[in-house]
Amino acid sequence: MSGAQPGTEPSLADTLPAVDFNFNDLRERMAQFTLRFDEFIERGRKRVLEERNAFRMSLADVEEQKRQRNQAISQFQSKTSNHAHAIAKEAQEKEEMQDAIESLSNQKEEHLARRDQVKAEIASVQVTVRQRREAQLAHQRSLDAQARQNAPELRFWETCLGMRIEGTGVDDQLKFVFVSLDERDPERECWFELQMGGRENEVAATKPRLDRDEVDGAQDKLNGSGDLAGFLKAMRSMFIATVRRT
């Protein structure tokens with residue numbers, strides 16, 4: 001044979017017939033099998049995932065149904081409790097209404113018994129109101145007389161000492177304004193408001209702010225003597241002292 005070396009005997013393998021095992025076809029079939037096997041595995045994995053997702057969704061539906069049932073039970077229990085509370089409240093209101101009716105009946109009897117006493121009290125109050133009105137009218141007449149008495153002096157203060165009187169928009173209250181008290185600022189105004197509607201005159205406000213004790217002292221003198229000119233002079237002096245200190 002052509003494969004034997006000269007001077008050597010042919011081997012048994014050389015004498016065997018040549019066999020074609022077709023390894024290429026085997027490899028191709030194995031590759032196809034592997035591909036089909038991978039596809040099978042992939043389909044199985046997808047099916048497992050789908051079944052697991054379906055199970056989870058089913059479990060979530062079960063949990064949601066359980067939650068809804070629990071919620072419905074809770075709502076029913078709440079309605080039952082509210083209904084019982086409403087019944088108890090109605091019974092209590094009924095009892096309270098009966099008590100109120102009985103109390104009103106008793107009050108009606110008491111009011112009827114006190115009717116004559118109330119009428120007498122009303123008559124007494126009417127007498128007191130009439131007396132107070134007469135006293136107020138007498139006080140107003142006294143104030144008017146005092147104003148007429150002080151009118152010439154007021155005109156003197158207005159013309160000679162740079163003071164004017166203004167209304168404040170409040171009944172029985174006047175505003176007394178002084179000018180030319182501050183040498184540094186002749187246009188600066190100092191004023192106070194005097195409430196004259198009560199039994200006694202009262203300084204309601206000042207600008208600039210004055211010592212309250214001094215104001216109360218001048219106010220007491222005015223109420224005691226009725227000397228409005230002296231009161232204005234005292235207030236002017238307080239304003240001058242305050243302006244000089246600032």
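- Taking a cutoff of 4.0 Å between a charged side-chain nitrogen and a carboxylate oxygen, Arg47 and Glu50 do not qualify as a salt bridge.
- Arg184 CZ: more than 12 foreign heavy atoms inside a 6.0 Å radius.
- Listed here is the closest heavy atom pair of Glu202 and Gln219: CA-OE1, 3.4 Å.
- For an aromatic pair to be called close, the ring centres must be under 6.0 Å apart, and Phe231 with Phe192 satisfies this.
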Would Asp172 and Gln195 count as a side-chain contact (heavy atoms from CB on, under 4.5 Å) here? Give the steps. CA-CA 6 Å; Asp172 299 322; Gln195 176 59 250; 3.5 Å; yes
Evaluate the side-chain contact (heavy atoms from CB on, under 4.5 Å) criterion for residues Val179 and Arg164: first the C-alpha distance (whole Å), next the side-chain angles of each, then the deciding distance (0.1 Å), finally the verdict. CA-CA 9 Å; Val179 295; Arg164 67 178 185 272; 4.0 Å; yes
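- Counting heavy-atom neighbours within 6.0 Å of Glu187 CD, excluding the residue itself, gives a total of 12 or less.
- With sequence neighbours left out, Arg244 forms a salt bridge (charged side-chain N to carboxylate O under 4.0 Å, His left out) with no residue at all.
- One distance of note links OG of Ser237 with CG of Leu232; it measures 10.5 Å at 0.5 Å rounding.
- Rounding to the nearest 0.5 Å gives a distance of 11.0 Å between CZ of Arg114 and CD of Gln107.
- Within a 6.0 Å radius of CD in Glu63, more than 12 heavy atoms belonging to other residues, nucleotides or ligands are found.
- Counting non-hydrogen atoms of other residues, nucleotides and ligands closer than 6.0 Å to CD of Glu183 gives a total of 12 or fewer.
- Judged by distance alone, the side chains of Arg130 and Gln126 never bring a donor and an acceptor atom under 3.5 Å apart.
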Pair Arg67-Asn70, side-chain contact (heavy atoms from CB on, under 4.5 Å): steps then yes or no: CA-CA 5 Å; Arg67 187 189 65 80; Asn70 291 336; 5.6 Å; no
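- Going from atom CD of Glu90 over to atom CD1 of Ile87 covers 7.0 Å, rounded to the nearest 0.5 Å.
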